[in-house]
Amino acid sequence: MADRQPANPFSRDSNAKGLLAISDEVAEALEDSRPVVALESTIISHGMPYARNLLVAKACEAEVREGGAVPATVAILDGVIRVGLDARDLERLAGGPKNKELVTKTSLRDLGAVLATKTPGATTVATTMFAAAQAGIRVFATGGIGGVHRQAEPGPSPDVSADLTALATWPVAVVCAGAKAVLDLHRTIEALETLGVPVIGQGTDVLPEFWTRGGDLPVPVRSNDAETTAAILASHWGSGLTSGAVVANPIPTTAEADPRAIDEAIAEGLAAASAAGVRGRDVTPFLLAHISEVTAGASLEANEALVRHNASVAARIAVALADLNT
Ligand code: PSU
Ligand code: MN
């Protein structure tokens with residue numbers, strides 16, 4: 001019997017019927033099989049205050065370029081999913097102090113409505129993974145994925161991010177500093193196991209906890225460099241599996257926030273969110289802003305450092321992956 005080859009996981013896979021627009025620079029890089037790294041936009045519109053958000057968005061693109069890859073920031077603008085933005089697009093997403101009213105945080109369930117109304121949308125990890133997969137991009141950098149939120153009291157429907165659904169569904173590696181530590185990290189890593197999503201600790205044996213390097217939860221596999229991570233990813237997809245992967249990359253030691261201060265700020269943030277009745281997609285942006293306030297900006301400094309580091313490491317992984325495929 002002849003060997004049956006799995007479908008090429010690096011081919012483009014778009015069913016977007018004209019609603020997906022890839023910039024010329026990104027399209028040319030993909031055409032030539034050169035390394036490309038996707039970046040998300042919820043972190044710009046809802047994860048950081050104006051005008052720091054714009055500086056960080058540009059810095060992440062620069063980190064990707066320095067690492068030898070082409071950045072492809074994703075957002076929804078004028079009724080189209082855009083892959084690869086210019087400076088003016090980034091400014092629109094960064095907006096001003098009232099940006100939250102203008103740009104919709106767009107997860108998978110929101111995508112159709114945001115496209116139909118032609119209003120600007122910032123893509124979450126889930127929606128960015130979807131767009132990346134459609135475009136044929138395999139590596140994506142963000143700060144931290146969403147996951148299973150902590151629950152004050154046991155109830156029937158815990159708040160679970162569609163980021164997990166996306167990780168189970170599309171062949172994109174998400175380079176991140178673990179999941180945001182406001183979540184229930186234990187349940188999040190168990191959910192990833194159930195969904196069959198590899199969690200590769202790059203240079204770490206434990207799950208990074210966003211603002212800190214973590215220590216409580218072991219990761220299932222460790223890789224010591226971008227080449228090893230790329231080899232694991234290539235084998236994961238080469239086997240025929242079509243799910244995504246988490247590449248857990250801890251914040252550099254020099255940029256790590258004080259774990260005690262962060263734990264206290266998280267507890268305060270969670271109490272404030274529940275007192276203010278914050279729910280659904282507003283929870284994560286509320287907590288990030290509150291924790292930054294309580295830590296006098298220390299958490300924001302750490303957030304910038306970790307997301308830039310992820311962009312840089314993602315570029316190296318994209319380069320190593322491109323080398324494996326040529
Ligand atoms: N990483 C950051 N800041 C962020 C996010 C990630 O450093 O704001 C965003 C991502 O877009 C992620 C979202 O998908 O937070 C999770 O939101 P939720 O918990 O509502 O699914
Ligand atoms: Mn949620």
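Both counts, for ligands and for their atoms, begin at 1 and track the order of listing.
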Original post:
Do any N/O atoms on Thr124 end up under 3.5 angstrom from N/O atoms on ligand 1?
Top reply: no
Original post:
Going by atom types alone, do Glu61 and Thr73 pair a side-chain donor with an acceptor below 3.5 Å?
Top reply: yes
Original post:
Should Leu102 and Ile43 be regarded as members of a common hydrophobic cluster, given that ILVMFWY residues are connected when their side-chain heavy atoms come within less than 4.5 Å of each other, either directly or indirectly?
Top reply: yes
Subject >> Part of Ile145 with heavy atoms under 4.0 Å of ligand 1, whether side chain, backbone, both or neither >> reply: neither
**OP:** Could you tell me which atoms of ligand 1, counted from 1 in the order shown, lie closer than 4.0 angstrom to a heavy atom of Asn303?
**Re:** 7 (O)
Original post:
Tell me: protein heavy atom nearest atom 12 (C) of ligand 1, and distance?
Top reply: Asp163 OD2, 3.4 Å
Original post:
Can you list the ligand 1 atoms lying under 4.0 Å from a non-hydrogen atom of Gly47?
Top reply: 8 (O)
**OP:** Answer with side chain, backbone, both or neither: which part of Lys180 has a heavy atom less than 4.0 angstrom from an atom of ligand 1?
**Re:** side chain
**OP:** Go through the side-chain N and O atoms of His236 and Ser243 and say whether any donor and acceptor fall under 3.5 Å apart.
**Re:** yes
**OP:** Could you list the atoms of ligand 1 found under 4.0 angstrom from a heavy atom of Phe210?
**Re:** 2 (C), 7 (O)
Original post:
Just distances here: any N/O of Val125 and N/O of ligand 1 closer than 3.5 Å?
Top reply: yes
Subject >> Where ligand 1 meets Thr142 - atom numbers and elements under 4.0 angstrom, heavy-atom basis >> reply: 1 (N), 6 (C)
Subject >> No-hydrogen, no-angle side-chain donor-acceptor test under 3.5 Å, Asn224 and Arg222 >> reply: yes
Original post:
Does an N or O from Gly146, backbone or side chain, lie closer than 3.5 Å to an N or O of ligand 1?
Top reply: no
Original post:
At a 4.0 Å cut-off, with the gap strictly under it, does some heavy atom of Val307 reach an atom of ligand 1?
Top reply: no
Original post:
Between Thr106 and Thr104, do the side chains contain an N or O donor and an N or O acceptor separated by less than 3.5 Å?
Top reply: no
Original post:
Given side chains that start at C-beta, do those of Arg213 and Pro208 come closer than 4.5 Å, heavy atoms only?
Top reply: no
Original post:
If we only count N/O pairs under 3.5 Å, is Thr284 in contact with ligand 1?
Top reply: yes
**OP:** Before signing off on this row, confirm whether Arg281 and ligand 1 have an N or O atom pair separated by under 3.5 Å.
**Re:** no
Original post:
With a 4.0 Å cut-off, would you call Asp258 and Arg260 a salt bridge?
Top reply: no
Subject >> Among Thr229, Ile200, Ile317, Val313, side-chain contact (heavy atoms from CB on, under 4.5 Å) partner for Asn249 >> reply: Val313
Subject >> Residue, atom name and distance, where the atom is the protein heavy atom closest to atom 17 (O) of ligand 1 >> reply: Lys105 NZ, 3.2 Å
Subject >> Closest protein heavy atom (residue, atom, distance) for atom 21 (O) of ligand 1 >> reply: Ser161 OG, 2.7 Å
Original post:
Side chains of Glu40 and Thr142: do they bring a donor and an acceptor to under 3.5 Å?
Top reply: yes
**OP:** Determine whether more than 12 heavy atoms belonging to other residues, nucleotides or ligands lie under 6.0 Å from atom CZ of Arg65.
**Re:** yes
**OP:** Mark up the atoms of ligand 1 that fall under 4.0 Å of a heavy atom belonging to Leu288, in ascending order.
**Re:** 3 (N), 4 (C), 8 (O)
Original post:
Which of the N/O/S atoms in Asp159 sits closest to the Mn ion (ligand 2)?
Top reply: OD1
Original post:
What protein heavy atom is closest to atom 3 (N) of ligand 1, reported as residue, atom name and distance in Å?
Top reply: Ile43 CG1, 3.5 Å
Original post:
Going by distance alone, is a donor N or O of one side chain under 3.5 Å from an acceptor N or O of the other, for Thr228 and Asp225?
Top reply: yes
Original post:
What part of Met48, side chain, backbone, both or neither, has a heavy atom within less than 4.0 angstrom of ligand 1?
Top reply: neither
Original post:
So, Arg281 and Asp110, do they make that salt bridge, N to O below 4.0 Å?
Top reply: yes
**OP:** Give the residue and atom name of whichever protein heavy atom lies nearest to atom 11 (O) of ligand 1, and the separation in Å to one decimal.
**Re:** Glu40 OE1, 2.8 Å
Subject >> Distance from atom 1 (N) of ligand 1 to nearest protein heavy atom, with residue and atom >> reply: Gly144 N, 3.1 Å
Subject >> Reference residue His309; test side-chain contact (heavy atoms from CB on, under 4.5 Å); the match among Pro252, Pro250, Cys60 >> reply: Pro252
